[in-house]
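Written below as structure tokens is the structure these notes are about.
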Protein chains: 2
Amino acid sequence: MASVLQPQRGLRMRTVRRSTITDVAKLAEVSIKTVSRVVRREPNVSERTRVAVQAAIDELNYRPTISARSTTSARSFLLGLVFDNPNPSYSFELLRGAQRAAKENGYQLVFEPLDRSRATPAESMTQLIVQGNLEGMIVPPPLCDDPDVLSAMSKLNRPFARIAPGREPSLGFCVSMDDRGAAEAMTRHLVDHGHTRIGFIMGREGTATTQARLHGYKDGLQGAGIAFDEELTCQGAFTIRSGVECGEHLLSLDDRPTAIFASNDDMAAGVLMAAHRVGLEVPRDLSVAGFDDAETASAMWPPLTTIRQPVADMAAAAAEGIIDHQRGNRENGLDNVQLDYELIVRESTGPVPEV
Amino acid sequence: MASVLQPQRGLRMRTVRRSTITDVAKLAEVSIKTVSRVVRREPNVSERTRVAVQAAIDELNYRPTISARSTTSARSFLLGLVFDNPNPSYSFELLRGAQRAAKENGYQLVFEPLDRSRATPAESMTQLIVQGNLEGMIVPPPLCDDPDVLSAMSKLNRPFARIAPGREPSLGFCVSMDDRGAAEAMTRHLVDHGHTRIGFIMGREGTATTQARLHGYKDGLQGAGIAFDEELTCQGAFTIRSGVECGEHLLSLDDRPTAIFASNDDMAAGVLMAAHRVGLEVPRDLSVAGFDDAETASAMWPPLTTIRQPVADMAAAAAEGIIDHQRGNRENGLDNVQLDYELIVRESTGPVPEV
DNA sequence: CTGAAAGCGCTAACAA
DNA sequence: TTGTTAGCGCTTTCAG
């Protein structure tokens with residue numbers, strides 16, 4: 001604490017000053033270049049000097065200033081994250097992950113909502129990157145599937161990482177999750193509880209995730225030797241309302257499902273409502289499963305069995321990929337990454353009701 | 001576009017370069033100092049020169065680099081926003097507002113989740129500010145009501161803005177909303193629809209907002225000449241689950257309320273569920289109102305009548321307050337600000353049921 | 001009204 | 001293994 005709050009000179013503590021590389025050099029009695037070497041973990045520093053310098057760094061609590069670094073080196077140590085996703089919780093998780101990874105690597109994360117009013121998304125992105133002097137950019141969905149944006153990014157010749165791309169997984173550095181495998185795992189979870197009539201609510205038409213999750217559902221049925229029954233699927237739109245409607249539809253079927261797997265949490269919430277309305281107790285009479293582990297999933301009543309997407313970790317991986325690339329570890333930086341999902345079993349799913 | 005993507009030299013477009021103050025000076029045939037004067041709107045520049053320089057700036061699409069600025073001036077043009085609120089949507093809205101205001105004023109927003117593992121919140125904040133070289137800090141709830149944090153911030157001698165403080169509204173620069181007035185307005189809205197038995201679900205015990213909203217509810221009743229009935233209030237905890245429980249309780253009353261005002265949206269969602277379970281149609285049989293306008297409020301079914309807090313605007317006002325203060329407009333920067341709420345009438349409230 | 005020169009904290013050659 | 005020197009893009013004196 002003392003070093004942080006050290007008075008500058010004279011009696012009054014005027015303003016808190018961070019220590020500079022020169023302060024450290026003086027204290028350790030070496031040149032600033034040597035300090036720089038230690039900080040940046042460059043080779044060619046004797047162990048003795050290293051230790052001495054490190055001690056000085058610790059004592060003064062020295063951290064290099066990003067601004068000063070960026071004026072000299074060609075690098076800005078700035079990483080961009082564009083926001084153009086209507087889901088604030090999702091965006092926020094991305095932000096947390098990216099910011100953590102950036103900070104750990106001496107980078108600063110610059111968060112930019114995409115200005116749709118001005119020009120095309122592609123032009124806006126170019127502006128953001130060039131004006132902001134960003135070394136690289138993290139591009140979440142749906143932007144990461146916009147062909148114009150992709151071609152603009154490629155032209156810019158700066159590394160960019162795409163989160164959960166739905167198409168062209170060879171463009172840029174891609175971080176994704178196994179949506180299909182996750183949906184299969186959830187289906188298997190329901191099958192393991194004895195369910196054979198499992199309803200499935202699809203997401204918005206035409207999105208890549210909608211397709212992947214539907215495939216996973218089919219995989220899960222097939223693996224258990226259960227025939228796919230189109231009657232048990234319903235076209236939703238990722239909204240609570242569509243969940244209510246699909247839930248009412250599925251529950252009004254003659255041979256109604258004993259479990260409903262909604263391909264996101266909002267629709268699962270809708271199913272919960274629909275179930276309550278017709279007097280069904282969850283999970284006693286009906287099992288309900290979601291997908292996403294949105295903030296409300298655990299707050300729902302009953303708490304929702306769902307799939308957790310490692311959103312923050314995906315953003316962190318994206319940031320790290322870009323940073324690695326900048327450091328010259330190309331092989332490390334450019335291989336696409338797929339992270340594991342997590343099946344979170346809460347109280348909304350249970351054994352199939354006894355007849 | 002041409003200026004943004006201009007090739008550097010030779011045939012191949014190597015890397016996109018932003019233009020510097022020197023580029024502008026050369027083009028306008030003045031010294032860099034003059035350019036600086038124009039950019040920073042300093043006096044003592046002839047109109048002719050100003051126009052010429054501005055033309056060069058526009059042509060080259062020149063924007064000063066924050067990093068370079070901060071190395072020279074004492075200012076870093078960095079504004080901090082700590083995150084320590086469990087609600088991602090709320091935090092995200094704050095972020096949007098603060099980032100917008102920062103950008104408009106040539107500042108950059110630095111977003112920092114509070115590291116609770118390391119030390120006390122107060123120490124962490126000090127670290128963030130000093131190490132990050134932040135000119136000021138935006139402090140949202142609940143952090144803005146932590147006495148240690150407040151005293152640490154005061155000692156640091158840097159401007160800080162508190163969002164929706166619950167106590168000590170004289171410490172720092174405070175931006176708030178009229179919680180009490182908003183709750184009163186919502187109560188009046190229900191009264192205007194003929195409701196006289198209006199249930200009220202309180203938030204978590206001991207929080208300032210909980211108190212303020214309860215007061216507003218009472219004000220609303222009193223204004224309409226309706227006696228406050230303790231039986232119609234219920235202690236919630238801002239969670240969906242507590243909403244379900246309070247909803248069930250209130251609806252099981254002998255003379256049950258015809259409207260329920262929950263002091264946040266999550267609890268209102270719980271009330272909706274409870275209502276569905278006992279077969280009550282909303283708003284035909286029961287009106288339900290919330291508070292916050294969370295992202296889910298409009299997605300609920302039926303869409304929820306609620307109070308919109310101008311969260312983003314509050315953060316923007318906070319950022320602007322700090323920036324104004326840094327610019328020396330003390331009177332402007334230090335007056336506390338109270339923003340207007342907005343009553344959003346959707347479909348969950350309606351006239352009192354005919355008996 | 002305008003500009004030259006010094007310097008911010010740091011990195012990148014290049015010496016020693 | 002270490003240090004010296006020259007910048008980076010900008011602001012800030014201080015002279016014209």
Side-chain angles (χ1 to χ4, degrees), chain A residues 8 15 17-53 56-57 60-78 106-108 130-133 135 326-328, chain B residues 15 17-53 56-57 60-78 106-108 130-133 135 326-327:
Chain A
Q8 211 168 14
T15 187
R17 191 179 72 92
R18 9 185 322 152
S19 19
T20 74
I21 200 173
T22 318
D23 299 334
V24 178
K26 274 194 191 125
L27 184 59
E29 299 182 309
V30 294
S31 76
I32 58 169
K33 176 66 219 185
T34 303
V35 177
S36 174
R37 283 200 180 92
V38 173
V39 170
R40 316 189 40 222
R41 296 177 218 286
E42 280 178 22
N44 297 336
V45 182
S46 76
E47 191 51 26
R48 267 195 59 207
T49 340
R50 244 192 48 72
V51 172
V53 170
I57 289 175
L60 296 179
N61 204 346
Y62 165 75
R63 299 279 176 287
T65 315
I66 291 187
S67 352
R69 287 186 122 167
S70 34
T71 49
T72 41
S73 63
R75 301 164 57 181
S76 66
F77 299 91
L78 256 35
Y107 272 68
Q108 201 168 87
V130 175
Q131 289 307 335
N133 215 347
E135 283 186 33
Q326 293 298 84
R327 287 185 179 146
Chain B
T15 190
R17 193 177 71 92
R18 5 183 327 149
S19 22
T20 74
I21 200 172
T22 318
D23 299 334
V24 178
K26 277 195 189 122
L27 184 60
E29 298 180 311
V30 295
S31 76
I32 59 169
K33 174 67 218 185
T34 302
V35 177
S36 175
R37 283 200 180 91
V38 173
V39 170
R40 314 191 40 223
R41 298 176 216 286
E42 280 177 22
N44 295 337
V45 182
S46 75
E47 192 52 25
R48 265 195 62 210
T49 337
R50 244 193 47 72
V51 171
V53 170
I57 289 175
L60 296 179
N61 203 347
Y62 166 74
R63 300 279 176 286
T65 315
I66 292 188
S67 357
R69 286 187 124 166
S70 32
T71 50
T72 38
S73 64
R75 300 165 59 180
S76 66
F77 299 92
L78 255 36
Y107 273 68
Q108 202 169 85
V130 175
Q131 289 307 336
N133 216 347
E135 282 187 32
Q326 294 298 84
R327 287 184 179 146

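A 4.0 Å heavy-atom criterion places the boundary nucleotides of DNA chain D facing chain A at dT1(D) to dC8(D), written 5' to 3'.
Every residue two or more places apart in sequence or in another chain was checked for a ring pair (Phe, Tyr, Trp, His ring centres under 6.0 Å) with Tyr62(A), and none qualifies. Considering only residues two or more places apart in sequence or on other chains, Thr20(A) meets the side chain to side chain contact (heavy atoms under 4.5 Å, CB included) condition with Arg17(A), Thr22(A), Asp23(A). Arg40(B) is linked by a salt bridge (Lys or Arg N to Asp or Glu O under 4.0 Å) to Glu42(B), counting only residues two or more places apart in sequence or in another chain. Looking at residues two or more places apart in sequence or on another chain, you find a side-chain hydrogen bond (donor to acceptor under 3.5 Å, both in side chains) between Glu135(B) and Tyr107(B), Gln326(B). In this structure, the salt bridge (Lys or Arg N to Asp or Glu O under 4.0 Å) partners of Arg50(B), at least two apart in sequence or on a different chain, are Glu47(B). Among residues two or more places apart in sequence or in another chain, the side-chain hydrogen bond (donor to acceptor under 3.5 Å, both in side chains) test is passed with Thr72(B) by none.
Rounded to 10 degrees, the angle separating the terminal helix axes of the helix from dC1(C)-dG16(D) to dA16(C)-dT1(D), each built from five base pairs, is 30°.
The two residues Arg69(A) and Gly106(A) come nearest to each other via the heavy atoms NH1-O, 4.5 Å. Closest heavy-atom contact between Thr71(A) and Ala68(B): CG2-CA, 3.6 Å.
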Heavy-atom protein contacts under 4.0 Å, nucleotides 2-15 of chain C, coded B base, S sugar-phosphate only, - none: BBB--BBBBBBB--

Donor-acceptor pairs under 3.5 Å, side chain of residues 28-39 of chain A to any protein atom, not counting sequence neighbours: which ones?
residue	atom	partner	partner atom	Å
Ser31(A)	OG	Lys33(A)	N	3.4
Ser31(A)	OG	Thr34(A)	N	3.4
Ser31(A)	OG	Thr34(A)	OG1	3.3

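Side-chain atoms of Ser67(A) never come within 3.5 Å of backbone atoms of Ser70(B) as a donor-acceptor pair (strictly under, hydrogens ignored).
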